[in-house]
Trainee: 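What follows is a structure written as C-alpha cells; I'll ask about it next.
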Amino acid sequence: MSISRRDVFKVAGAGTVAALTAAPACAREEERYEQANHIPPGALGLLYDATKCIGCKACVSACVNANGLTPDTSLDGLHQAPLALNASTKNIIKLCKATDKHPESFVKQQCMHCGDPACVAACPFHALEKNLVNGIVEWHEDKCIGCRYCEIACPFHIPKFEWTVFNAKIVKCELCDFRLAVNQEPACTYVCPTHAVIFGPREKLLETAHSRIAAAPNKYFENRVYGEKEAGGTQVVYLSAVPFEDLGLPTLSADSVPAKALSWQKKVYKWMAGPVLLYAAIATAMKRNWVEHEKEIAHEEEETGLKAQL
Amino acid sequence: MKNEAMATDSKRPTVVRWQRGVPVYGIPILTRPFAILVAIATLGICLAVYREAAGLGPSTGLNDAYAWGIWKTFNVMVLTGIGSGGFAVGIAAWVFFRRNLHAVMRTALLTSFIAYFTGLLGLGVDVARPWNFRWALLPWKWNGHSPMLEVAICMPLYAFFPLLLENIPPILERWFYLWKESRPAIDRIMPVIRVTYPWVVALAYALPMMHQSSLGALMLLGGDRVNALWQTPMLPYLYVAAAAFLGFACVILTLIMCCMFWKRPFDRVIMGELADIMAKFTLAWVGVRFIDVLARGVAGLAFQPTRFAALFWLENFLLILPNIMLLKKERRETIDLLFKWTIPVALGGMLYRFDPTTLAFSPQPGAFYFPSFIEILISLGWVSTGAIIFLVMVKKTAILPAPVENWYKLEQYRRALQPEVKLTGYVTSHSH
C-alpha cells in the first residue's frame, strides 16, 4: 500500500482550504482584540487618594448593597468585616500600619480596569472582556467555563470565585456599570464622605491627580500617579504618601502583563504560521519514512508469515 | 511455520527481539488488584458527582489564592506530561525513523491515550461551569491569545482524533481474528487508515508540541507568583521538552513492570535504545535549564536557604545523576538497573512539571493549599480508571511487545480453547 499522488493532492488541498478559511477569522480576531485591549478615549475610572481616606469603609458596604452581594460577616458573625476581597466583597479598605519610614495609611482595593488586562488575555472564551467604549472589564456569565485562570493571571489578585455554590460566578468590580447606565456614579464614589475616591473619565482623573501633585510637591510618593503607566496603564489610578509597594500595589513595568508574558506565544501562533509549518515539516518526514516502512512491512510479512501490525 | 527470524533466535536463545504486540494471555481480567482499582474508580466517580452538586469549596482545598489544585496540576500538568510517550517515542520512531522503537509504539500510544483521557476527566470536574464549554465548537468565539484556550481545544482534539485513531488498529486486529463477521469491514477500513496514517500521525506530533508547550505558557501569566527559578520565557519549551523525556521514562517503566509482573521476555536492545535517547535528551534539557537560570541572573536564588532552592536542586539531582548512570550501556540494558535509574528520572520530571503550579507557586503571603481528602480520592479515581483501561487493553489486545514466537505460543493456547480461531496463515500474497 502506498500513497498515490492524488491522495497527496487531496489532503494538501483540504489543508489549504482549511488554512484559507481560518486565516481571515484569525486576522479578524486579532484586529478586534487589539482594538479592544487598550485604554479607549472614553475610558472611565476611579482616582483614589490615600491621603484623603479616613478608613470609614462606607464604600465597602455601599458596594455590597449596590451590587446585591451578601455582607461578609464571617469574622464574628455580626459585623460586616471582610478580611480580603472575596466572593461577597468587590471593594475593600485595608489599613497599612505606620512604620518608621512612613505614617499609617488606608488603601482601597478593587478591579484596576487595566488597559490590556491579564485576565482578558487569559480568558479562553472572552467571558472577561473590555468594553470598547468605556474600557470597563466586564464578566459574562454565559461564556465563563469556570477555569479560574483569571485568578492566576491578574497581577492585582482581583477576580474572586464563588467557591461554595453550584452555579459559581467570577466576582469582581465592574465599576457599577448598571448604575452608570442610569446616569449614576459608582456606589463607592457616591458615598465617599471625603472624596478620597472619585469617579470620572480617566483623562480628567489624571489631570486632577497631577494638579494635586503640583499643588503639594513633596506630599505624594515620588510625585507619581500609580496606574498612569503601570502594566500599560490602568483606568483606576492612585495617589499616596506611602510607597505604593507598601500599600500592596505591585511594582509593575510599563509593559502590559500579557504583552510581556505572551509576546513569544503571539509570534509563534500569528496566522497559525508556527503550527502549520511544524505540521508540514513533520508530515514531510513522516511521509518519506512511511513509504520506507510499508516496504519493510511487506518484507516482514513474507519473512514471518504473520499479518503485520500497525 | 519455520522462518529465518525464529531460526536465528533459536541458535542464540538469550537474545530477545521484540517484533510484535502479543496480548497478556492465560490470566483472567478480574483479579484482586483489579477489583480494588474498580472500587477506587467507583468511589472517585461518586465523589465527582458530589463535587458537581456541592461546588468546589466543600469538596476541595482550593481558595482564591491557590485557584488551581491537583486535578489540574497533577492529573493534567503532570500525568499528561508522563503520558507523552505516544508523542515523544513516536517522533523518535517515525520522524527520526528509529525503526526498533516501532515495537513499543502500541504501549506508548495506549499510555498516552489513558493519560489524556483521565486528564480530561479531571479537567471536566475541575471547571466550574462546564456547560459553557459549548463555545469550543465556535472558533470565532475563541480567544486566540489565551494559552488556556489553546489547551482546552488542542488537548481534546489530540486525544479524540489522532491519538484515538492510532489506538484503533489493535482493536480492529482483535476483531479480525476473533470476530469473523467484522472481517470484510476491517478489510475495507484498514487501507483507509493506512493511506491517511502519515497525515494523521503528523498531527499527533504537531498538536502535543502545541498544547504541551501551552501548559507551560499558562504559568507565564502567573508572573511573580511563580518563583523566578522556574518563571522564564523558556517555560513553554522546557515544559514540552520535559514531556518528551517523561514520555520515554513512562514507556520504559511501563514495559519493565509488565515484563516483571507477567514474566514476559525483555528486549535489551530496544530498552537500551529508549534509555539512551532519554538519558542524553534529559541531560541536554538540564543543561538548557541551567543556561536559562544563569542567563536570567537568578542563579543566586538556588543558593539561599529556601524551599525553592531545595526543590530546584532536588529536581536537578533526580534528573542528573540517574541519567549519567544510564549513559553506560551495561546499566541501561539490565532490567533491574534500568528500572532503578529510570524511576528518579520520572520523579524529577514530574516534580518539574508540578512545581511551577504548586510547590514553587506562592500567590500571596499566608496563602495555603493542601488538597482535601475528597480531592485526592477523585484524583486517584481517575488514575485507577486509567489503570483499569490499561489492564483490560493489554489482556484483550496485542499491545505489549514480544518476540514472534510468543505469537505462536498464543495461537497454541487459543487453539486449545477455541479450535476455530486462527491467528496465523492470513498472509498469502504480498501485493504491497
Side-chain angles (χ1 to χ4, degrees), chain A residues 1 3 7 11 25-26 29-30 33 86 118 121-126 142-149 151-153 155 157 160-161 163-166 168 257-258 261-262 264-266 269 275 278-279 282-283 285-287 289-290 292 294-298 301-307 309-310, chain B residues 1 3-5 20-21 53 55-58 62 64 67-68 94-95 97 127-130 132-133 135 139-149 152 169 173 191 193-195 197-199 201-203 205-206 209-210 217 220-223 233 236 363-364 398 404 407 424 426-427 430 432:
Chain A
M1 161 97 0
I3 302 159
D7 292 320
V11 178
C26 289
E29 208 279 325
E30 181 74 31
Y33 187 94
N86 56 39
C123 187
F125 297 111
H126 296 301
D142 60 331
K143 291 181 186 166
C144 173
I145 60 166
C147 70
R148 314 179 299 285
Y149 190 22
E151 294 202 83
I152 302 280
H157 303 266
K160 301 296 169 197
F161 180 77
W163 293 100
T164 51
V165 296
F166 169 69
V257 174
L262 300 178
W264 275 99
Q265 289 292 106
K266 280 185 190 169
Y269 283 95
L278 187 69
Y279 176 78
I282 296 171
M286 268 296 298
K287 220 216 92 188
N289 291 337
W290 179 258
E292 191 91 349
E294 292 269 293
K295 278 186 216 150
E296 280 165 7
I297 284 290
E301 285 194 338
E302 213 148 340
E303 205 179 58
T304 62
L306 295 178
K307 247 176 104 67
Q309 292 178 327
L310 185 62
Chain B
M1 196 161 289
N3 61 69
E4 235 176 301
R20 60 194 284 119
L56 281 166
L62 293 170
D64 282 320
W68 288 356
W94 282 111
V95 179
F97 214 45
V127 294
R129 311 171 61 82
N132 280 338
F133 208 75
W135 299 113
W140 56 94
K141 299 283 186 187
W142 296 354
N143 175 10
H145 293 77
S146 167
M148 180 60 93
L149 183 274
E173 184 187 72
I193 292 185
R194 295 182 98 92
V195 169
Y197 204 71
W199 307 100
V201 172
L203 207 56
Y205 304 148
M209 279 195 193
M210 291 161 70
L220 291 176
L221 278 178
Q364 274 163 352
V404 101
W407 191 264
T424 52
Y426 290 102
V427 179
H430 305 287
H432 291 287

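The figures here come from the full heavy-atom set of this structure, side chains too, leaving out hydrogens, waters and symmetry mates. Proteins come first, then strands; the chains are lettered A, B, ... in the order of their sequence lines, and each starts at number 1. Just so you know, these numbers come straight off a predicted model, no measurement behind them.
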Trainee: Which atom pair, heavy atoms only, marks the closest approach of A/Gln309 to B/Gly21?
Mentor: OE1-N, 2.6 Å

Trainee: How long is the span from the CH2 atom in B/Trp94 to the NZ atom in A/Lys287, to the nearest 0.5 Å?
Mentor: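 Those atoms lie 13.5 Å apart.
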
Trainee: Using the salt bridge (charged side-chain N to carboxylate O under 4.0 Å, His left out) criterion, which residues pair with A/Lys143? Sequence neighbours excluded.
Mentor: A/Glu129

Trainee: Do A/Ile152 and B/Met148 come within less than 4.5 Å of each other through their side chains, counting heavy atoms only?
Mentor: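 A/Ile152 vs B/Met148: side chains apart.
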
Trainee: Any side-chain heavy atom of A/Tyr149 within less than 4.5 Å of one from B/Leu221?
Mentor: yes

Trainee: Report yes if some heavy atom in the side chain of B/Thr424 is under 4.5 Å from a heavy atom in the side chain of A/Leu306; otherwise report no.
Mentor: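 Answer yes - side chains close enough.
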
Trainee: Based on non-hydrogen pairs under 4.5 Å, which of A/Ala168, A/Pro124, A/Cys147 is most in contact with chain B?
Mentor: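 Maximum pair count with chain B is reached by A/Pro124.
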
Trainee: Is it true that a side-chain atom of B/His145 and a backbone atom of A/Ala122 form a donor plus acceptor pair closer than 3.5 Å?
Mentor: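 Pair absent, no side-chain N/O of B/His145 close to backbone of A/Ala122.
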
Trainee: Just so I understand: if I count every heavy-atom pair under 4.5 Å between each of A/Pro155, A/Pro258, A/Ala121 and chain B, which residue has the most?
Mentor: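 Of A/Pro155, A/Pro258, A/Ala121, A/Ala121 has the most heavy-atom pairs under 4.5 Å with chain B.
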
Trainee: Please check if the side chain of B/Asn143 supplies one atom and the backbone of A/Cys123 the other of a donor-acceptor pair under 3.5 Å.
Mentor: yes

Trainee: Under the criterion side-chain contact (heavy atoms from CB on, under 4.5 Å), I'd like the reasoning laid out for A/Phe161 against B/Leu62: C-alpha separation, chi angles, the key distance, then a yes or no.
Mentor: CA-CA 10 Å; A/Phe161 180 77; B/Leu62 293 170; over 6 Å; no

Trainee: Would A/Glu151 and B/Trp68 satisfy side-chain contact (heavy atoms from CB on, under 4.5 Å), going step by step from the backbone distance to the final call?
Mentor: CA-CA 9 Å; A/Glu151 294 202 83; B/Trp68 288 356; over 6 Å; no

Trainee: Out of A/Ala285, A/Pro275, A/Ala118, which one racks up the most heavy-atom pairs below 4.5 Å with chain B?
Mentor: A/Pro275

Trainee: For residues B/Tyr197 and A/Glu294, determine if any side-chain heavy atom of one lies less than 4.5 Å from a side-chain heavy atom of the other.
Mentor: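 Contact flag for B/Tyr197/A/Glu294 side chains = no.
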
Trainee: So which atom in A/Ile282 and which in B/Met209 form the shortest heavy-atom distance, rounded to 0.1 Å?
Mentor: CD1-CE, 4.4 Å

Trainee: B/Asn132: what forms a side chain to side chain contact (heavy atoms under 4.5 Å, CB included) with it, not counting sequence neighbours?
Mentor: A/Ile145, B/Arg129, B/Arg134, B/Trp135

Trainee: So which part of A/Phe166 gets closer than 4.5 Å to some heavy atom of chain B, the side chain, the backbone, both or neither?
Mentor: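 Both parts, backbone and side chain.
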
Trainee: Below 4.5 Å, heavy atoms only, C-beta onward: do A/Leu278 and B/Tyr205 meet side chain to side chain?
Mentor: no

Trainee: Which value, rounded to the nearest 0.5 Å, describes the distance between A/Met286 atom CE and B/Leu203 atom CG?
Mentor: 11.0 Å

Trainee: Sub-3.5 Å donor-acceptor pair from the side chain of A/Gln265 to the main-chain atoms of B/Ala217, do we have one?
Mentor: no

Trainee: Take the angle between the ring planes of A/Phe125 and B/Phe133 and call it parallel below 30°, perpendicular above 60°, tilted in between.
Mentor: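 Because their plane-to-plane angle is over 60°, the rings of A/Phe125 and B/Phe133 count as perpendicular.
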
Trainee: Quick one: what part of A/Lys266 sits under 4.5 Å from any heavy atom of chain B, side chain, backbone, both or neither?
Mentor: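 Interface part for A/Lys266: side chain.
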
Trainee: Can you tell which of B/Pro233, B/Ala152, B/Pro363 has the highest number of heavy-atom pairs within less than 4.5 Å of chain A?
Mentor: B/Pro363

Trainee: Go through B/Ala53, B/Pro147, B/Pro236 and name the one with the most non-hydrogen pairs under 4.5 angstrom from chain A.
Mentor: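 Sorted descending by pairs with chain A, the first entry is B/Pro147.
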
Trainee: Could you grab the distance from atom OH of A/Tyr279 to atom CH2 of B/Trp199, nearest 0.5 Å is fine?
Mentor: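 It comes to 6.5 Å.
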
Trainee: Using a cut-off of under 4.5 Å for heavy-atom pairs, which of B/Ser146, B/Pro169, B/Gly57 has the most such pairs with chain A?
Mentor: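 Counting heavy-atom pairs under 4.5 Å, the top option is B/Ser146.
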
Trainee: Could you measure the distance from the CG atom of B/Leu220 to the CH2 atom of A/Trp264? Nearest 0.5 Å is fine.
Mentor: 13.0 Å

